[in-house]
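Take a look at the structure below.
Labels below follow one simple rule: chain letters A, B, ... track the order of the sequence lines, proteins then strands, and each chain is numbered from 1. Values reported hereafter were calculated over all heavy atoms of this structure, with side chains retained and with hydrogens, waters and symmetry mates removed.
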Amino acid sequence: MNTPIDRQLDILAARSVDLVSRAELRRKLETAAAAKRPLRVKYGADPSAPDIHLGHVVGLNKLREFQDLGHTVVFIIGDFTGMIGDPTGRSETRKPLSRDKIAENAKTYQDQVFKVLDRAHTEVCFNSEWCANMTFENVLKLSARVTVAQMLARDDFQKRFQEKQSISIVEFIYPIITGYDSVMVEADVEVGGTDQLFNMLVGRDLQKSFGLEPQVVLTLPLLEGLDGVRKMSKSLGNYVGVNESPREMFGKIMSIPDALMERYAALVLGRPACNAMRSIAGRPEKEPSLPGVKDERHPRQVKDELAQTIVARFHGPAAAVAASAEFERVFSEHKQPDEMPTVVIPMAQRKDGKLGVMALLVAAGLAESNGAARRLIQQGAVKVGETKITDITAELAIPEGSVVQAGKRAFARIVSA
RNA sequence: GGUGGGGUACCGAAGUGGCCAACCGGGGCAGACUGUAAAUCUGUUGGCUAACGCCUUCGAUGGUUCGAAUCCAUCCCCCACCA
């Protein structure tokens with residue numbers, strides 16, 4: 001906590017989209033420093049989808065910056081809210097999670113979160129601690145503090161209301177609960193994605209209403225997913241999970257559009273374009289990046305570096321180098337990966353020691369059905385060893401340890417026992 | 001409570017008696033191309049079958065018919081509007 005306030009402010013405000021408000025944050029930082037008391041920085045997490053991906057990392061990075069300046073992160077696992085399901089974005093009501101499932105998810109969550117956060121400066125709590133035992137009366141009194149007009153101020157509600165789409169009452173309750181969380185943990189600051197701005201502002205109102213000093217609200221950009229357009233999310237399947245294998249992570253990052261490289265560098269690596277990353281700018285192909293910066297590197301190489309840096313962050317440098325080499329081998333040189341699943345197909349399942357290709361693909365887990373296998377073969381996606389198979393009726397004697405390939409990325413090694 | 005509109009494959013959405021395993025778009029998968037698992041183009045996208053063909057699917061159940069996603073009945077669910 002020895003960093004000068006101005007410097008702290010700069011660090012904390014970096015990359016933020018909304019900051020309500022800088023003046024308040026400054027004041028809080030000053031008071032905290034004077035009292036030698038860390039700020040309580042709230043972050044809410046949804047336990048129904050326990051996979052942390054790079055989109056979450058954007059927020060976690062910010063939290064880590066708070067921690068590095070000596071502040072405390074209050075990590076709230078919304079187990080109670082998880083039970084009703086976040087209605088944001090018009091998703092159907094989620095199935096309530098069982099207690100066991102929540103506990104399990106919470107653990108997974110924490111394992112992943114502490115790849116970024118500093119465990120020593122983190123408080124973890126569950127909002128069921130204060131929500132589960134509220135009486136209906138409590139709930140009424142709480143909701144009396146918020147008006148419909150306040151709710152309709154939210155863009156999303158406004159729009160849906162005008163378009164005559166349904167808005168469930170729970171959707172109104174949801175921000176009230178998350179806001180109440182802020183009251184309960186006495187948050188000084190709350191960090192979240194821009195989509196959480198409304199909810200976090202409700203937190204401010206509620207805190208005021210409870211006679212507390214309102215939290216500072218800081219939003220961060222939503223990271224685009226692999227498609228480069230929509231935000232990264234599990235349900236869209238365009239995400240990179242922090243628990244994914246190095247090669248998976250590497251490959252996925254290699255697939256992002258070039259224009260997104262700088263954004264990933266800034267948001268995921270949590271640093272502004274410094275020298276090392278300056279070259280990772282969304283510049284046109286094969287053109288020098290910034291004026292005065294000598295960088296003739298090919299975008300592909302820049303992306304490789306980005307992918308390696310990200311992989312290294314979660315798996316260490318050695319894994320990053322290996323993943324890069326592997327990618328090069330499989331996709332640039334079209335060779336086999338050095339690791340692949342091994343599938344046992346006993347001789348008993350073969351006829352005269354041979355097996356039909358379709359059966360082989362299904363048995364190897366490379367096709368879901370014979371029909372899928374047939375299509376793969378007909379489309380020229382299948383190789384056994386070095387031989388491309390185009391005849392769907394082919395009966396093959398499969399030498400021990402043969403490699404079967406279906407498409408660019410799916411491989412299996414076949415053994416008989 | 002009343003009125004009206006709906007429930008179709010992973011999603012969106014056509015189809016209103018046989019030509020429907022079901023147009024089209026998205027997504028997925030594959031091929032070509034590529035620095036790339038990007039973009040683009042092409043193909044493909046229920047199951048069984050070498051194939052002919054067969055089987056299961058259009059909210060649920062029952063019925064009409066030679067024949068139904070399409071008609072009838074009952075039921076379940078969703079949405080909007082007016083109270």
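- Using a 4.5 Å heavy-atom threshold, the side chains of M254(A) and F250(A) count as touching.
- Within 6.0 Å of CD in E400(A) there are more than 12 heavy atoms belonging to other residues, nucleotides or ligands.
- Toward the 5' end of RNA chain B, the nearer of the two residues T393(A) and M254(A), judged by each one's closest nucleotide, is M254(A).
- Shortest non-hydrogen contact noted between P246(A) and A319(A) is CG-CB, 3.9 Å.
- Taking atom P on both A30(B) and A38(B), the two are 10 Å apart, rounded to the nearest angstrom.
- Taking atom P on both G15(B) and G27(B), the two are 24 Å apart, rounded to the nearest angstrom.
- Under the Watson-Crick or G-U wobble criterion, with both distances below 3.5 Å, A68(B) has no partner in any strand shown.
- Going from atom CE of M358(A) over to atom P of A30(B) covers 19 Å, rounded to whole Å.
- In this entry the distance linking CG of L361(A) with P of C29(B) reads 17 Å, nearest Å.
- Here A37(B) presents its P atom at 15 Å from CD1 of I253(A), a figure rounded to the nearest Å.
- Distance check on atom C1': G7(B) versus U16(B) gives 15 Å, rounded to whole Å.
- Of the two residues near RNA chain B, I392(A) and A406(A), the one whose nearest nucleotide lies more 5' is A406(A).
- Look at A13(B): it lacks any Watson-Crick or wobble partner with both distances under 3.5 angstrom.
- Other residues, nucleotides and ligands place more than 12 heavy atoms under 6.0 Å from the CZ atom of R329(A).
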Distances under 3.5 Å only, N/O to N/O: pair up the protein atoms with those of nucleotides 43-48 of chain B.
| from | atom 1 | to | atom 2 | distance (Å) |
| --- | --- | --- | --- | --- |
| G43(B) | N2 | Q379(A) | OE1 | 2.7 |
| G43(B) | N3 | Q379(A) | OE1 | 3.0 |
| U44(B) | O4' | Q379(A) | OE1 | 3.3 |
| G47(B) | OP1 | S369(A) | OG | 2.7 |
| G47(B) | OP2 | R375(A) | NH2 | 2.8 |
| C48(B) | OP1 | N370(A) | N | 3.2 |
| C48(B) | OP2 | G371(A) | N | 3.1 |

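- R145(A) forms no cation-pi arrangement with Y180(A), by the criterion of a distance under 6.0 Å to the ring centre and an angle within 45° of the ring axis.
- Residues from residues 317-330 of chain A lying near RNA chain B, meaning a heavy-atom separation below 4.0 Å, are F327(A) in numerical order.
- Atom pair I377(A):CD1 and C29(B):P shows a separation of 19 Å (rounding to whole Å applied).
- For R40(A) and E123(A), the salt-bridge test passes: some basic side-chain N is under 4.0 Å from an acidic carboxylate O.
- Remark: C33(B) base-pairs with no nucleotide; criterion is Watson-Crick or G-U wobble with both hydrogen-bond distances under 3.5 Å.
- Here the rule is side chain to side chain donor-acceptor pair (under 3.5 Å) with Q215(A), and of E186(A), E24(A), E190(A) only E190(A) fits it.
- In this structure, G251(A) reaches the bases: a heavy-atom distance under 4.0 Å links it to at least one base atom across the strands shown.
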Side-chain donor-acceptor contacts of residues 383-397 of chain A below 3.5 Å, not counting sequence neighbours, with atom names and distances?
| from | atom 1 | to | atom 2 | distance (Å) |
| --- | --- | --- | --- | --- |
| D391(A) | OD1 | T393(A) | N | 2.9 |
| D391(A) | OD1 | T393(A) | OG1 | 2.8 |
| D391(A) | OD2 | T393(A) | OG1 | 3.0 |

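- Across every strand in view, A80(B) sits in a pair with U3(B) that passes the Watson-Crick or G-U test at under 3.5 angstrom.
- Per the geometry, CG belonging to L366(A) stands 11 Å off P belonging to A30(B), to the nearest Å.
- Environment of NZ in K115(A): crowded, with over 12 heavy atoms of neighbouring residues, nucleotides or ligands closer than 6.0 Å.
- At a threshold of 4.0 angstrom between heavy atoms, the contacts of M249(A) with the nucleic acid are absent.
- Nucleotides G63(B) and A68(B), compared at atom C1', are 12 Å apart to the nearest Å.
- Between the NZ atom of K303(A) and the C1' atom of A39(B) there is a distance of 10 Å, rounded to whole Å.
- Within the model, atoms NZ of K252(A) and CE of M232(A) stand 8.5 Å from one another, a figure rounded to the nearest 0.5 Å.
- Closest approach to the K408(A) side chain among C33(B), U36(B), A50(B) is made by C33(B) (side chain taken as heavy atoms from C-beta onward).
- Between the CD1 atom of I256(A) and the P atom of U34(B) there is a distance of 22 Å, rounded to whole Å.
- For the pair L376(A) CG and G28(B) C1', the interatomic distance rounds to 12 Å; values are reported in whole Å.
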